[in-house]
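In this chain, residues are counted from 1 in sequence order. Every heavy atom of this structure was used, including side-chain atoms; hydrogens, water molecules and symmetry mates were not.
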Amino acid sequence: MKRLLLATVFTVMFANCLHAQGAQEQPFEGHLICVDFIYPLTSDSAIEELPHYKRQFCYPTLVINNMVITDKSMIDCFRNHYRYLYDKRLIIKIKLISVKKAQRKGFYDVSPDGALFIKTKRHFYLDLSNCIFYERE
């Protein structure tokens, strides 16, 4: 019984070593690493509450319902209403992806921090130019 257990342990350790060597040979391309906070999801009031030494953000490109948002006033409108929209369950899906995955999806002008894809509830619309949110029935 001890030999079987010892053989199993060594087999698992050997397999892990081989897997680790294979992982080291592959470059880390397409991985997204954020610092602390994702800027489009953090409101002004939340930023003010943070201490100065913790104000480290990553700035991904904001994509809402497959539409790229680049205007600063529109991004600020979304940022300051995000918590309300999320609490009311008007935002269905949030996904942060790398630059390479965004380019594979057809979004070529994204920031080095990647892209933040947000999908809203069906028949719910965001008019970020006027900062208006409405739901069509």
Side-chain angles (χ1 to χ4, degrees):
M1 184 67 174
K2 288 181 182 179
R3 286 185 181 181
L4 180 62
L5 182 62
L6 190 61
T8 305
V9 168
F10 279 123
T11 305
V12 170
M13 286 175 49
F14 182 69
N16 285 339
C17 289
L18 287 177
H19 177 71
Q21 285 178 353
Q24 287 177 353
E25 292 172 1
Q26 298 172 355
F28 290 108
E29 294 179 0
H31 291 269
L32 179 67
I33 300 171
C34 284
V35 184
D36 281 335
F37 299 98
I38 300 171
Y39 182 77
L41 302 181
T42 310
S43 67
D44 289 334
S45 60
I47 290 173
E48 289 174 5
E49 292 174 5
L50 291 173
H52 289 288
Y53 63 91
K54 284 193 175 182
R55 292 186 186 181
Q56 296 177 354
F57 295 95
C58 69
Y59 297 90
T61 302
L62 182 62
V63 180
I64 301 175
N65 293 335
N66 290 329
M67 192 169 90
V68 178
I69 309 295
T70 55
D71 186 39
K72 182 167 176 27
S73 63
M74 290 184 185
I75 292 171
D76 289 340
C77 172
F78 177 78
R79 283 181 43 241
N80 291 317
H81 291 89
Y82 164 73
R83 181 53 55 192
Y84 170 78
L85 298 172
Y86 187 77
D87 289 343
K88 292 289 185 179
R89 299 178 192 256
L90 298 172
I91 294 176
I92 296 173
K93 188 176 182 181
I94 301 169
K95 187 173 185 180
L96 187 63
I97 64 170
S98 67
V99 176
K100 290 204 178 230
K101 285 185 182 179
Q103 288 175 349
R104 277 188 245 138
K105 287 187 174 217
F107 297 96
Y108 295 103
D109 191 23
V110 296
S111 74
D113 289 332
L116 181 69
F117 282 87
I118 294 177
K119 185 176 180 182
T120 60
K121 183 179 169 184
R122 183 177 234 174
H123 303 299
F124 178 73
Y125 300 97
L126 303 168
D127 182 8
L128 294 175
S129 60
N130 297 322
C131 210
I132 299 172
F133 314 106
Y134 58 93
E135 192 167 358
R136 188 182 74 181
E137 294 183 28

TODO: Not counting sequence neighbours, which residues clear side-chain hydrogen bond (donor to acceptor under 3.5 Å, both in side chains) with T42? List them please.
DONE: none

- [ ] With sequence neighbours excluded, tell me which residues meet side-chain hydrogen bond (donor to acceptor under 3.5 Å, both in side chains) with S111.
- [x] none

Distance in Å, [X] [atom1] paired with [Y] [atom2], rounded so as to fall on 0.5 Å steps:
{"X": "S98", "Y": "Q103", "atom1": "OG", "atom2": "CD", "result": "8.5 Å"}
{"X": "T61", "Y": "I97", "atom1": "OG1", "atom2": "CD1", "result": "9.5 Å"}
{"X": "I64", "Y": "I69", "atom1": "CD1", "atom2": "CD1", "result": "5.0 Å"}
{"X": "Y82", "Y": "I91", "atom1": "OH", "atom2": "CD1", "result": "6.0 Å"}
{"X": "S45", "Y": "N80", "atom1": "OG", "atom2": "CG", "result": "7.0 Å"}

Open item on the list: Using a 6.0 Å distance limit plus a 45 degree cone around the ring axis, check whether K105 lies over the aromatic ring of F117.
Closed with: yes

Task: Verdict with supporting geometry, F78 and L62, side chain to side chain contact (heavy atoms under 4.5 Å, CB included) - done: CA-CA 10 Å; F78 177 78; L62 182 62; 3.9 Å; yes

Task: Linked, directly or transitively: I92 and L116 (ILVMFWY side chains, under 4.5 Å) - done: no

Task: Hphob cluster co-occupancy, M67 + I94, side-chain heavy atoms under 4.5 angstrom - done: yes

Heavy-atom distance under 4.5 Å between the side chains of [X] and [Y], does that happen here?
{"X": "L96", "Y": "P60", "answer": "yes"}
{"X": "I47", "Y": "Y39", "answer": "yes"}
{"X": "L41", "Y": "I118", "answer": "yes"}
{"X": "H81", "Y": "C131", "answer": "yes"}

Task: Those residues that, when tested against L90, pass side-chain contact (heavy atoms from CB on, under 4.5 Å) (two or more places apart) - done: L85, K88, K121, F124, E135

- [ ] Can you tell me which residue pairs pass the salt bridge (charged side-chain N to carboxylate O under 4.0 Å, His left out) test with a partner in residues 56-70, sequence neighbours excluded?
- [x] none

Open item on the list: Can you pull out every salt bridge (charged side-chain N to carboxylate O under 4.0 Å, His left out) where at least one residue sits in residues 57-81? Sequence neighbours excluded, please.
Closed with: D44-R79, K72-D76, D76-R79

Task: No-hydrogen, no-angle side-chain donor-acceptor test under 3.5 Å, N65 and T120 - done: yes

TODO: Quick one: do V63 and F107 satisfy side chain to side chain contact (heavy atoms under 4.5 Å, CB included)? Show the steps, please.
DONE: CA-CA 9 Å; V63 180; F107 297 96; 4.1 Å; yes

Open item on the list: Please find the pair of heavy atoms, one from C77 and one from L128, that lie closest to each other, and give the distance.
Closed with: SG-CD2, 3.9 Å

Task: Distance-minimising heavy-atom pair for P40 and C58 - done: CD-O, 4.5 Å

Open item on the list: Suppose we screen for salt bridge (Lys or Arg N to Asp or Glu O under 4.0 Å). Which residues come up paired with D109, at least two apart in sequence or across chains?
Closed with: none

